[in-house]
**Student:** 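Before we start, here is the structure in question, set down as structure tokens.
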Number of protein chains: 2
Amino acid sequence: MTLADIALLANVSKSTASRALRNNPLINKNTRELVQEIALKHNFKVNATASNLRTQKTNTIAVVVMFDQKSGQAISDPFLMEILGTIADELTHFGYDMLLTTTKTATHDWYSYYYESKRADGLIIIGQGEHDQRIEALISTDLPFIVWGTEIHEKNYTTVGSDNRKGGYLAVSHLIEQGCRRIAFLGDINHTEVEQRWLGYQDAVAEAGLVVEDKLQIKTDFTSVDGYQSLRDHCLSDDVPIDGVFAVSDAIALGATKYLFEQNITIPKQVAVIGFDDISMSEYCSPSLSTIRQNTAAGGRLLVKLMLDKLNHLPVDSQLLNVEMIQRQSSSR
Amino acid sequence: MTLADIALLANVSKSTASRALRNNPLINKNTRELVQEIALKHNFKVNATASNLRTQKTNTIAVVVMFDQKSGQAISDPFLMEILGTIADELTHFGYDMLLTTTKTATHDWYSYYYESKRADGLIIIGQGEHDQRIEALISTDLPFIVWGTEIHEKNYTTVGSDNRKGGYLAVSHLIEQGCRRIAFLGDINHTEVEQRWLGYQDAVAEAGLVVEDKLQIKTDFTSVDGYQSLRDHCLSDDVPIDGVFAVSDAIALGATKYLFEQNITIPKQVAVIGFDDISMSEYCSPSLSTIRQNTAAGGRLLVKLMLDKLNHLPVDSQLLNVEMIQRQSSSR
DNA sequence: GCATCAAATGCAAACGATTGCAAAAAGTAA
DNA sequence: TTACTTTTTGCAATCGTTTGCATTTGATGC
């Protein structure tokens with residue numbers, strides 16, 4: 001069933017049929033309805049590849065999920081799933097398809113693969129990784145792309161992301177308010193977003209008139225396993241005593257909590273804990289986890305909106321999303 | 001930069017250029033290398049839409065993630081993310097792209113939208129939902145599709161999935177072994193997979209010479225919130241005392257655990273708990289969560305392999321993946 | 001009845017690759 | 001040299017839409 005067949009059935013030309021199907025007012029209303037009716041009856045659907053070829057548009061956005069470079073594993077934060085879900089829904093809502101890739105396989109030249117070879121009209125990148133060169137390579141191209149992460153002023157590309165610095169500040173101020181004085185920071189500041197949270201940490205510590213101890217900043221990957229190991233291997237010794245933990249993801253926080261439990265250290269009394277993300281499980285673990293909530297739904301929607309604006313050649317600015325401190329048991333003394 | 005340009009530069013015809021690029025032995029080796037070199041130098045990439053149109057193949061597989069119909073929310077189990085990640089990687093590995101959708105938006109006619117209109121060569125569906133009609137509608141079409149879920153013998157389509165019945169059996173036998181006698185089942189047996197786990201529950205109970213009490217089967221959706229509420233609203237009263245919980249997902253189990261904690265009910269002593277999935281966090285919550293491990297990596301790989309086999313018109317059979325009981329603190333008395 | 005104009009339709013050329021088949025070139029044997 | 005393979009190349013059609021432009025149709029005015 002092709003457009004030609006429909007045209008034949010409707011006794012019109014291909015051009016008329018084509019226009020009629022897309023409700024072009026150039027075509028007589030009766031003719032339009034006739035053609036549409038016939039198309040419907042025969043369950044005709046426009047061939048996307050042919051249409052894409054002719055129009056030079058794909059109506060597809062590629063979404064790249066940055067993987068953990070070391071482990072080669074998906075950053076399996078439920079957080080990711082949530083934002084992906086929103087993006088998918090928003091894109092379908094605007095008539096776009098979503099092509100999903102991870103950075104794990106093959107160091108694709110994204111520009112060539114997706115844009116030049118016409119697989120997608122634009123790119124949404126989730127996560128900046130550790131200043132990935134692949135992102136920077138895109139800046140000088142005409143590929144429309146948006147990154148979930150932190151705005152980097154020296155680098156000129158559009159980002160959408162949480163106010164990570166504020167998040168770090170809120171988390172640590174809160175811990176300090178609860179009486180914590182030696183707060184471990186679990187995260188890898190090579191990730192731009194994490195770096196911001198670390199700055200927020202420093203802001204809060206400075207504000208309280210305390211001193212930032214570099215020893216308390218412990219490089220930790222985005223997994224529960226790493227959270228557990230960080231505490232085990234680097235903290236709580238006489239050398240580095242702590243009374244609070246700020247983990248840059250809830251997953252990390254859960255791992256840390258686990259270790260504290262095993263050592264019979266009471267939470268929040270001896271050590272208070274706060275995470276980041278507010279994944280749905282945080283409320284439902286025990287003790288429930290205090291955290292900084294990221295507005296993933298708004299983030300996903302915004303990513304898509306800016307992407308579409310960009311495709312329509314509208315001016316587009318990076319956006320900072322507000323975060324919120326959610327106090328739960330793990331930090332309530 | 002099109003094929004024609006390259007051909008011109010290489011002083012050959014388009015056909016020769018096309019063949020040369022794909023290393024067709026019909027073309028002289030020298031010519032091939034010449035063309036490839038030129039293409040490389042000019043960073044030429046074949047236009048996918050044109051190629052797709054001509055070859056009538058898209059080299060794309062659409063993946064549909066079934067959403068929670070009621071909440072309209074993504075089943076945000078990390079479990080999903082893991083399997084999606086594997087699928088994405090496997091597909092890229094075999095040169096396919098992955099189109100992702102959720103069932104939330106628009107009740108697409110998948111056959112028309114993806115297959116007829118040539119957006120994808122095949123469909124992988126994650127989750128059966130509650131006997132979704134959209135799946136059944138595909139059976140009579142020529143669309144190649146595979147479902148992650150349980151084989152349904154009356155329905156004739158290919159599935160890949162865990163041995164859910166065995167999983168249920170293992171979980172419940174284990175609890176019984178630990179001395180549990182009244183085990184709550186948290187899950188919604190309208191989901192085919194959950195139904196299987198319920199059958200496994202019954203198997204184990206029967207084997208132990210106990211009686212299956214329908215009161216103990218509590219309809220619960222796939223979220224922590226629901227796990228929490230199920231226990232709160234339906235169990236632990238004098239009416240329905242329990243000493244064990246089998247939750248059909250780790251997320252549910254975490255919610256349930258939370259409620260037990262709040263009620264000062266000790267785990268595993270007063271109530272032992274076991275979940276399903278073995279998401280990465282299960283090991284790192286406290287108490288660590290016993291669970292039934294699904295082999296998501298194998299599952300993802302198998303889904304893709306069968307899909308490709310199907311595309312190559314090879315015979316394809318549904319596959320059952322083994323599951324494994326992981327004993328942790330929450331059930332170790 | 002004819003000129004004029006607007007509304008509706010159709011022609012034919014793209015879009016950029018792939019491929020069956022024919023033709024040219026190169027190699028071999030007589 | 002001719003005849004006959006074998007290897008290598010190129011022609012031209014095709015995939016199924018969309019769209020600029022020309023053409024037809026019908027309406028209107030004089």
Side-chain angles (χ1 to χ4, degrees), chain A residues 1-39 42-60 95 97 112-121, chain B residues 1-36 38-40 42-60 95 97 112-121:
Chain A
M1 243 318 111
T2 74
L3 188 64
D5 300 325
I6 297 296
L8 211 63
L9 286 169
N11 235 347
V12 296
S13 70
K14 282 196 297 173
S15 19
T16 303
S18 173
R19 295 191 174 104
L21 282 178
R22 278 166 309 123
N23 240 333
N24 188 324
L26 221 59
I27 304 299
N28 185 299
K29 193 143 181 266
N30 294 324
T31 318
R32 268 185 277 166
E33 284 170 356
L34 172 68
V35 173
Q36 288 172 12
E37 197 180 305
I38 291 183
H42 292 78
N43 197 28
F44 166 78
K45 291 287 148 57
V46 168
N47 182 315
T49 49
S51 174
N52 290 347
L53 175 59
R54 175 63 230 239
T55 60
Q56 300 286 65
K57 286 199 58 198
T58 64
N59 283 303
T60 299
D97 288 325
S112 300
Y113 188 78
Y114 289 110
Y115 196 59
E116 283 209 308
S117 54
K118 290 278 181 304
R119 275 169 239 267
D121 298 334
Chain B
M1 242 322 106
T2 74
L3 188 64
D5 300 324
I6 297 297
L8 211 62
L9 286 168
N11 236 346
V12 296
S13 69
K14 282 195 300 171
S15 20
T16 303
S18 173
R19 294 191 174 104
L21 282 178
R22 277 165 309 121
N23 240 334
N24 190 325
L26 222 57
I27 303 298
N28 185 299
K29 194 146 178 263
N30 295 325
T31 319
R32 267 185 279 167
E33 285 170 356
L34 173 68
V35 173
Q36 288 171 10
I38 292 183
L40 193 65
H42 292 78
N43 195 28
F44 167 78
K45 293 286 149 53
V46 168
N47 182 315
T49 48
S51 173
N52 289 347
L53 175 59
R54 176 63 230 241
T55 60
Q56 300 286 64
K57 285 199 59 198
T58 64
N59 284 303
T60 299
D97 289 324
S112 299
Y113 189 78
Y114 289 110
Y115 195 61
E116 282 208 307
S117 53
K118 290 275 181 306
R119 276 170 238 267
D121 298 335

**Student:** Relative to the 5' end of DNA chain D, which residue comes earlier, B:K29 or A:L53, by the nucleotide with the nearest heavy atom?
**Tutor:**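 This one resolves to B:K29.
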**Student:** Within the modelled atom types, does a donor on one side and an acceptor on the other bring the side chain of A:R19 and the base of C:dG10 under 3.5 Å apart?
**Tutor:**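 Such a pair is found, so the answer is yes.
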**Student:** Out of D:dG16, D:dT9, C:dA17, which nucleotide sits closest to the side chain of A:A50?
**Tutor:**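 Selected nucleotide (nearest to the side chain): D:dG16.
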**Student:** Find the distance B:L8:CG to C:dA17:C1' and express it as a whole number of Å.
**Tutor:**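 One finds 16 Å between C1' of C:dA17 and CG of B:L8, rounded.
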**Student:** From CZ of B:R22 over to C1' of C:dA17, roughly how many Å is that when rounded to an integer?
**Tutor:**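 Checked: the CZ to C1' distance equals 9 Å.
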**Student:** Rounded to the nearest 0.5 Å, what separation is found between the CZ atom of A:F44 and the CG atom of A:L3?
**Tutor:**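 Here the interatomic distance stands at 5.0 Å.
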**Student:** Want to settle it: does B:L26 or B:Q56 sit nearer the 5' end of DNA chain D, counting the closest nucleotide to each?
**Tutor:**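 It is B:L26, whose closest nucleotide lies nearer the 5' terminus.
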**Student:** What nucleotide among D:dG10, C:dT18, C:dG10 has an atom nearest to a side-chain atom of B:V12?
**Tutor:**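 Between D:dG10, C:dT18, C:dG10, the one nearest the side chain of B:V12 would be D:dG10.
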**Student:** Test A:T16 against every option in A:I27, A:N11, A:L21 by the side chain to side chain contact (heavy atoms under 4.5 Å, CB included) rule and name the one that passes.
**Tutor:**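 Exactly one pass, corresponding to A:I27.
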**Student:** Starting the side chain at C-beta, find the nucleotide from C:dG16, D:dT9, D:dT17 nearest to A:F44.
**Tutor:**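 So the nucleotide nearest the side chain must be D:dT17.
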**Student:** Write down the distance between CD1 (A:I6) and P (D:dT17), rounded to a whole number of angstrom.
**Tutor:**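 Atom-to-atom, A:I6 to D:dT17, this comes out as 9 Å.
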**Student:** Any base atoms under 4.0 Å from B:K14, or only sugar-phosphate, or nothing? Heavy atoms, all strands.
**Tutor:**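 Base, at least one base atom sits under 4.0 Å.
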**Student:** For D:dT9, does OP1 or OP2 lie under 4.0 Å from any side-chain N or O of B:T31?
**Tutor:**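 Yes, because at least one side-chain N or O of B:T31 sits under 4.0 Å from OP1 or OP2 of D:dT9.
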**Student:** With side chains defined as the heavy atoms from C-beta onward, is the minimum distance between B:R119 and B:Y113 less than 4.5 Å?
**Tutor:**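 Touching, per the 4.5 Å side-chain cut-off.
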**Student:** Does a donor on one side chain sit under 3.5 Å from an acceptor on the other, for A:T58 and A:D121?
**Tutor:**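 Note: A:T58 and A:D121 side chains meet the donor-acceptor criterion.
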